[in-house]
S.K.: 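Got a structure here, written out as C-alpha cells. Questions coming.
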Amino acid sequence: MAAAVTSSRPYHIIIFGATGFTGQFVVEEVARCAAESPDGSRLKWAVAGRSRQRLGKVLTKAAERLSMPELKTDIEIIVADVSIEESLAIMCQQGLVILNCVGPYRFFGEPVVKACVENGAHYLDICGEPQFLERMQLEYHTKALDKGVYVIGSCGFDSIPADLGILYTQRQFKGTLTAVEGFLNITSGPAGSSGHDATWQSAVHGFADSGSLRQLRKKFGQKPLPVVGAKVKKRGFVFYSKEMEQYAIPFMGSDPSVVRRTQRHLYEEDQQSPVQYTAYVGIGGPFSVIKLFCGGLLFWFMVKFSLGRKLLTTFPSFFSFGLFTKSGPTMKQIEDTCFSLTFFGEGYSEGTDPAQGRPNTKICTQVIGAEPGYVATVSAIVQAALTLLNELHSLPRRGGVYTPGAAFHKTSLIERLQNHSIKFSVKSYD
C-alpha cells in the first residue's frame with residue numbers, strides 16, 4: 001500500500017454509512033479485496049455510522065457470508081452522524097480515504113465533504129445526483145485544492161462505466177474521436193430487477209429540483225466546449241434503437257453531466273479534443289413504452305408538489321411499478337442481473353483535419369458488468385479508493401473536486417476494474 005497509515009490516522013479506508021443497503025455490500029467488497037491483495041494484510045479499514053450495534057451486526061453478517069470470522073473482532077467501529085459535526089471530524093481525522101455511502105446526497109452529503117476537506121481525508125462517493133456533484137465542485141474545489149484533498153464523486157455505476165468508458169474509447173480510437181452515443185441495456189432473470197428506495201428518493205428530489213441545476217451551472221461562468229467535427233443530432237424522447245433492437249429513451253442519470261465535466265477538464269488542463277456525448281437506455285417493447293408514458297406523466301406531475309413527492313417517496317414500489325422497493329432487490333435478483341453499455345463513436349482518422357468534411361472513421365466499444373447498483377457500484381468505488389491510495393502521484397494537481405475520469409485518467413483504474421466485475425472491450429462496428 002503506497003499511502004501509509006500513521007498512529008494518528010490509522011486507517012486507509014473508512015466506510016461511512018456501512019449499515020445502509022449499499023454500504024453493507026461495500027463492506028464485503030473491501031474485506032474481499034483486502035484478503036486477495038498481495039498487500040492485503042496491510043490494508044487497514046474501519047466502518048462508521050450512527051449505531052455501534054447495527055455496525056456490529058453488519059460485520060457479523062459479512063463475516064458469515066465471506067467465511068471470515070476475523071471481521072467480527074479485527075475491524076474497528078467508529079460512531080459518526082451527519083448531524084453531529086464533531087463526530088464527522090473525529091472520523092475523518094482517522095482515515096486516509098472516506099467512502100461515503102449515505103444518501104440522498106443532496107440532504108446528507110455536504111457535511112461529509114466539508115469534514116473531509118477540513119480534516120485532510122480524501123472523499124469518494126457513489127452519488128448520481130448532478131445538483132450535488134456540481135455544487136460540491138463549485139463550492140469546495142478551491143478549498144480542497146488548498147488542503148491537498150481529493151473529492152471524487154459518482155464513483156459507482158453512476159458514473160464510472162460511462163466516464164471511463166469514454167476515456168477507453170478515446171484511447172482505442174486511431175485519430176480524433178469527436179462524438180459518442182452510449183446505449184445502456186440492463187438484463188435480468190425471471191425474478192426481474194429492482195433498486196433500493198434510497199435511489200428512488202434521490203430521483204424524486206432531483207427531478208423536483210431540476211431548475212436549480214440550470215441556475216447552478218450559470219455560476220461557473222464557463223464558455224461552451226468547442227464542437228469538433230459534425231454536431232451530433234439528439235434522438236427523440238422515445239425511439240426504436242436499431243443498435244439495441246428495442247425502444248430507448250435518453251438516459252436521465254448523471255452520466256452525461258459527469259462525462260461533460262471530464263471532457264472539459266481534459267480540454268482545459270491537457271488540451272485534449274473534447275468528445276460530444278449523448279446517452280440512452282433501452283426500455284423494451286411497445287408495452288414498456290406505454291407503461292413508461294403513463295408512469296412518466298404521473299411522475300412529472302407529482303414531483304412538482306410537496307404532497308406528490310411525499311406520496312412518491314412513501315410508496316416507491318407502487319409508483320415505480322415495482323422497480324424500486326423499500327427492501328431493495330433480493331440476492332437472486334442481484335445474481336441474475338447484469339448490464340452492458342455500448343458506445344458508438346465517430347471521428348477523424350490520423351492525419352485528417354476535423355475542420356474538413358464529415359467524420360470518416362467509426363469505433364464501437366463496450367463496458368459490461370454484473371448487477372449495476374450493488375455489484376458493479378461497489379467494485380467501482382472500492383477499486384477507485386485503492387487506486388487513489390496506490391497512485392496518488394498520478395492524480396491531477398495536488399487536490400480538488402473531480403469527476404472519476406478527470407481524477408483517474410492517468411492511473412490504472414480501468415485495468416483494475418477489468419479484474420473486478422467491469423470489463424472494457426472493443427467490438428466490431430456493424
Side-chain angles (χ1 to χ4, degrees), residues 21-22 25 126-129 154-166 180-200 202-203 206 235 237-256 258-259 277-293 295-296 299 316-317 319-325 327-344 364-381 417 420-425 427:
F21 191 83
T22 308
F25 288 98
I126 49 176
C127 177
E129 306 165 38
S154 56
C155 287
F157 178 72
D158 295 319
S159 293
I160 275 184
D163 203 18
L164 270 65
I166 295 296
V180 175
E181 287 185 314
F183 292 87
L184 171 64
N185 189 38
I186 297 175
T187 57
S188 57
S193 63
S194 68
H196 190 260
D197 174 51
T199 304
W200 173 255
S202 297
R235 313 217 189 183
F237 177 70
V238 179
F239 63 95
Y240 185 79
S241 166
K242 293 180 180 179
E243 296 87 352
M244 303 181 72
E245 298 182 338
Q246 61 178 297
Y247 286 93
I249 61 172
F251 182 66
M252 302 292 187
S254 61
D255 288 359
V258 171
V259 170
Y277 179 62
T278 49
Y280 304 99
V281 58
I283 58 171
F287 177 72
S288 297
V289 173
I290 296 170
K291 189 166 66 172
L292 174 74
F293 181 76
F299 182 88
S317 181
F319 287 106
S320 70
F321 299 102
L323 288 176
F324 295 92
T325 65
S327 59
T330 64
M331 288 307 299
K332 180 63 175 173
Q333 286 178 313
I334 291 174
E335 291 168 1
D336 291 348
T337 301
C338 61
F339 79 90
S340 65
L341 181 53
T342 307
F343 300 103
F344 295 91
C364 178
T365 61
Q366 192 172 61
V367 181
I368 62 173
E371 193 279 336
Y374 313 104
V375 180
T377 282
V378 300
S379 292
I381 190 172
L417 292 171
H420 291 87
S421 301
I422 301 176
K423 309 292 185 182
F424 298 73
S425 63
K427 311 295 287 184

S.K.: Could you go step by step and tell me if I160 and S154 meet the side chain to side chain contact (heavy atoms under 4.5 Å, CB included) rule?
M.R.: CA-CA 7 Å; I160 275 184; S154 56; over 6 Å; no
S.K.: If you look only at pairs with a residue in residues 368-378, which of them pass as a side chain to side chain donor-acceptor pair (under 3.5 Å), with sequence neighbours excluded?
M.R.: none
S.K.: Going by ring pair (Phe, Tyr, Trp, His ring centres under 6.0 Å), name the residues that satisfy it together with F321, two or more places apart in sequence or in a different chain.
M.R.: none
S.K.: With the side chain counted from C-beta on, respond yes when D163 and D255 share a heavy-atom pair under 4.5 Å apart, and no when they do not.
M.R.: no
S.K.: Starting at CD of Q366, measure out to CZ of F424 and round the result to the nearest 0.5 Å.
M.R.: 11.5 Å
S.K.: Using the side chain to side chain contact (heavy atoms under 4.5 Å, CB included) definition, which of the options P316, P329, S320, S327 pairs with S194?
M.R.: P329
S.K.: Please enumerate all residues that pass ring pair (Phe, Tyr, Trp, His ring centres under 6.0 Å) together with F239, with sequence neighbours excluded.
M.R.: Y280
S.K.: Taking side chain to side chain donor-acceptor pair (under 3.5 Å) as the test, write out the residues that go with S254, two or more places apart.
M.R.: S159
S.K.: With sequence neighbours excluded, what pairs up with I186 under the side chain to side chain contact (heavy atoms under 4.5 Å, CB included) test?
M.R.: L184, T337, F339, P372
S.K.: Where is the tightest heavy-atom contact between G165 and V367, given as atom of each residue plus distance?
M.R.: CA-CG2, 4.0 Å
S.K.: Do I166 and F343 have side-chain heavy atoms sitting under 4.5 Å apart?
M.R.: yes
S.K.: Go through the structure and list residues passing salt bridge (charged side-chain N to carboxylate O under 4.0 Å, His left out) with K332, not counting sequence neighbours.
M.R.: D336
S.K.: Check whether any side-chain heavy atom of E245 lies under 4.5 Å from a side-chain heavy atom of Y240, and answer yes or no.
M.R.: yes
S.K.: Among all residues two or more places apart in sequence or in another chain, which pass the ring pair (Phe, Tyr, Trp, His ring centres under 6.0 Å) test with H196?
M.R.: F21
S.K.: Mind checking whether C364 and T342 have side chains closer than 4.5 Å, heavy atoms only?
M.R.: yes
S.K.: Who pairs with S241 by side chain to side chain donor-acceptor pair (under 3.5 Å), at least two apart in sequence or on another chain?
M.R.: E243
S.K.: Check side chain to side chain contact (heavy atoms under 4.5 Å, CB included) between S317 and all other residues, then give those that pass, not counting sequence neighbours.
M.R.: T325
S.K.: I'd like to check the side chain to side chain donor-acceptor pair (under 3.5 Å) partners of S188; sequence neighbours left out, ordered by chain and number.
M.R.: none
S.K.: For G156 and P161, work out which heavy atoms get closest and say how close.
M.R.: O-CD, 3.6 Å
S.K.: NZ/K427 to CZ/F344 distance, rounded to the nearest 0.5 angstrom?
M.R.: 10.5 Å
S.K.: S193: which residues meet the side chain to side chain donor-acceptor pair (under 3.5 Å) condition with it, sequence neighbours left out?
M.R.: none
S.K.: Where do V375 and V378 come nearest, in terms of heavy atoms and distance?
M.R.: O-CG2, 3.2 Å
S.K.: Hey, could you give me the CG/CG distance between L417 and L164, rounded to the nearest 0.5 Å?
M.R.: 6.5 Å
S.K.: With sequence neighbours excluded, what pairs up with I249 under the side chain to side chain contact (heavy atoms under 4.5 Å, CB included) test?
M.R.: V238, V281, I283, L292
